[in-house]
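In what follows, every chain begins at residue 1, and chains take the letters A, B, ... in the order their sequences are listed.
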Amino acid sequence: MTDWGTLAPILWLSFQQTVYMVFWTMLVAGLLGLGLGVALYTTRRGGLLQNAPVFHLLNVLVNIVRPIPFIIFITAIGPLTLLAMGTTIGTRSVLFPMAAMATFVIGRIVEQNLVAVDPGVVEAARAMGAGRFRIIWSVLVPEALGPLILGYTFIFVVVVDMSAMAGYVGGGGLGNFAISYGYQQFDWAVTLVTVLVIIVVVQAAQLLGNRLARRALRR
Amino acid sequence: MPPVISFRGATKTFAGPRGAEVRAVDGVDLDIAPGEVAGVIGYSGAGKSTLVRMVNALELPTSGTVTVAGRVTGTLGERGLRELRADVGMIFQQFNLFSSRTVAGNVGYPLRIAGWSREQRRDRVRELLEFVGILDKARQYPAQLSGGQKQRVGIARALATSPGILLADEATSALDPETTQDVLALLRRVNAELGTTIVVITHEMEVVSSICHTVAVMERGRVIEQGPVYDVFADPRAPATRRFVHSVLRDTPSGATLARLREHFPGRLVTVWVRAGSGARSALSDVLATHSAGHGVRSTIVYGGIRELAEKPLGSITFALTGDDAAVDALIADLRRHTRVEEAA
């Protein structure tokens, strides 16, 4: 029988660790990814800040990083993690590879959503005398807000998925809990409960994302 | 009065495929007087949009100059550009409203750029929405509006900073005929009450005939003909203008129509231009009456139409003429003394 008296507090702690990792990753990578996506969109040919060298550099960088499996990415950038976080072990240290990977993924998603903004709206803003940076924050981003929210909701699930790998570097979290106390103890019930917790978290996020996006879409 | 917009040798080239150069606008000289409603017409790809986008410096000339209200567009810095664009409003075929902002938010946006305070903006937006007749829609989002209402928002937004010039890029092409008339009436009011100079790009005869004072015809980047609307339409000189006028007036039979007319009506098919002055309707009627009575030439009306442009008649009537060959020749010769007559070959 599963000893839930012992396991419940650990599950709670793991849950908190996952929330911690996901929250900080979403916050940091959310902002950096937005910047990266805007940079990709605006530096492309015909963009507001057209700049071929910058665009190609960013584009290649994103294309190199994104396909790397996350578990390999964590080890591959270990030296950088050590430099940035002072350690490569623990919940805090895994934030670095998580935020880095998420930034690239978010950047691409932001770029794709900005591409879908009607260029006529940007032209109208230019015709009114709006400067390029004003157009970015007061036209492009608000016009793409609905799809952006859906994009970020999608990323949230990806980041929850990433956080499950944190166990590999002693980062804890729900993924680690399911492996350590479920899989390795042959306790299928523990795995199942952990999966249910993750499903609830993801469903809640998706529900919230859909609501916010609908409000932002105005259609 | 000196022109408010002045093109001098204005040329705009774009890099085309495989390094080829595309001349969108090619050495245009054109003046537009203050308070004028100037039409720019021509087939798509003629360079109309590029030409008009040079007025608010969305495009800068590759060579030549464009002077707008005393400013040479190519020499302006960031600030000069902002000032120029506050003085040149623009409306679009697809309206280009900000879907994330309310009607009031859209109209207030250019005022934000111009640094107006919240209270000033609120009052001005109210005034503008009242002017275009959609004050009750202030809190709605563009997606909730009809096409005509959207263009009214577009016009209010374009007029927010009280520009001296308004550019209209196919502003009614996405609207149904009735809504088109409403929007044109509004533009006429803008011109009459606010004294705004308006430059309209269009391929619709309705637009030209109902609001334009002058018209410039473009083909392959060049302005091939320009002048008062009636003069250009009544007596088009360039072949391209003639083709364009024919295609919008649709008052002369051609192709299948001509073949059908021949089938139904014996005699020679002759198209007579109706114009103000020498081509006046009474003079032409007199000629037909004289020849009918005196030489037995029967003229049957088979096709045509006459409309009013700048309060003058414009159109053509096609007749099937039957009778003695020499008598028909004499009638045609007589008509030619008054107006242009074309006999279908």
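B/Leu81 does not touch chain A: none of its heavy atoms, backbone or side chain, sits under 4.5 Å away. Neither the backbone nor the side chain of B/Leu84 comes within contact range of chain A; no heavy atoms are under 4.5 Å apart. In this structure, no portion of B/Gln93 lies under 4.5 Å from any heavy atom of chain A.
Around CZ of A/Phe133, the count of heavy atoms belonging to other residues, nucleotides or ligands within 6.0 Å does not exceed 12. Counting heavy-atom neighbours within 6.0 Å of B/Glu119 CD, excluding the residue itself, gives a total above 12. Heavy-atom neighbours of B/Arg188 CZ from other residues, nucleotides or ligands within 6.0 Å: above the threshold of 12. Other residues, nucleotides and ligands place no more than 12 heavy atoms under 6.0 Å from the CD atom of A/Gln203. Within 6.0 Å of CZ on B/Arg189 lie more than 12 heavy atoms contributed by other residues, nucleotides or ligands. More than 12 non-hydrogen atoms from other residues, nucleotides or ligands lie less than 6.0 angstrom from CH2 of B/Trp116.
Taking B/Phe92 as the reference, nothing meets the ring-ring contact (aromatic ring centres under 6.0 Å, His included) condition, with sequence neighbours excluded.
Closest of all the heavy-atom pairs between A/Val121 and B/Leu97 is CG2-O, 3.7 Å. Closest of all the heavy-atom pairs between A/Glu123 and B/Arg53 is OE2-NE, 2.6 Å. Of all heavy-atom pairs spanning A/Ala127 and B/Arg85, the tightest one is O-CB, 3.3 Å. Nearest heavy-atom pair, B/Arg157 versus A/Ala124, reported as atom, atom and distance to 0.1 Å: NH2-CB, 3.6 Å. Residues B/Phe98 and A/Met128 come closest through the heavy atom pair CZ-CE, 3.8 Å.
Note: A/Gly120 leads A/Gly120, A/Pro119, A/Gly131 in heavy-atom pairs under 4.5 Å with chain B. By number of non-hydrogen pairs under 4.5 angstrom with chain A, the leading residue of B/Ala158, B/Gly154, B/Ala114, B/Pro110 is B/Pro110. Note: B/Ile113 leads B/Ile113, B/Leu167, B/Thr161 in heavy-atom pairs under 4.5 Å with chain A.
The ring pair (Phe, Tyr, Trp, His ring centres under 6.0 Å) pairs that include a residue from residues 39-98 of chain A number zero, where partners must be two or more places apart or lie in different chains.
Side chains of B/Tyr109 and A/Ser138 form a contact here, defined as non-hydrogen atoms less than 4.5 Å apart.
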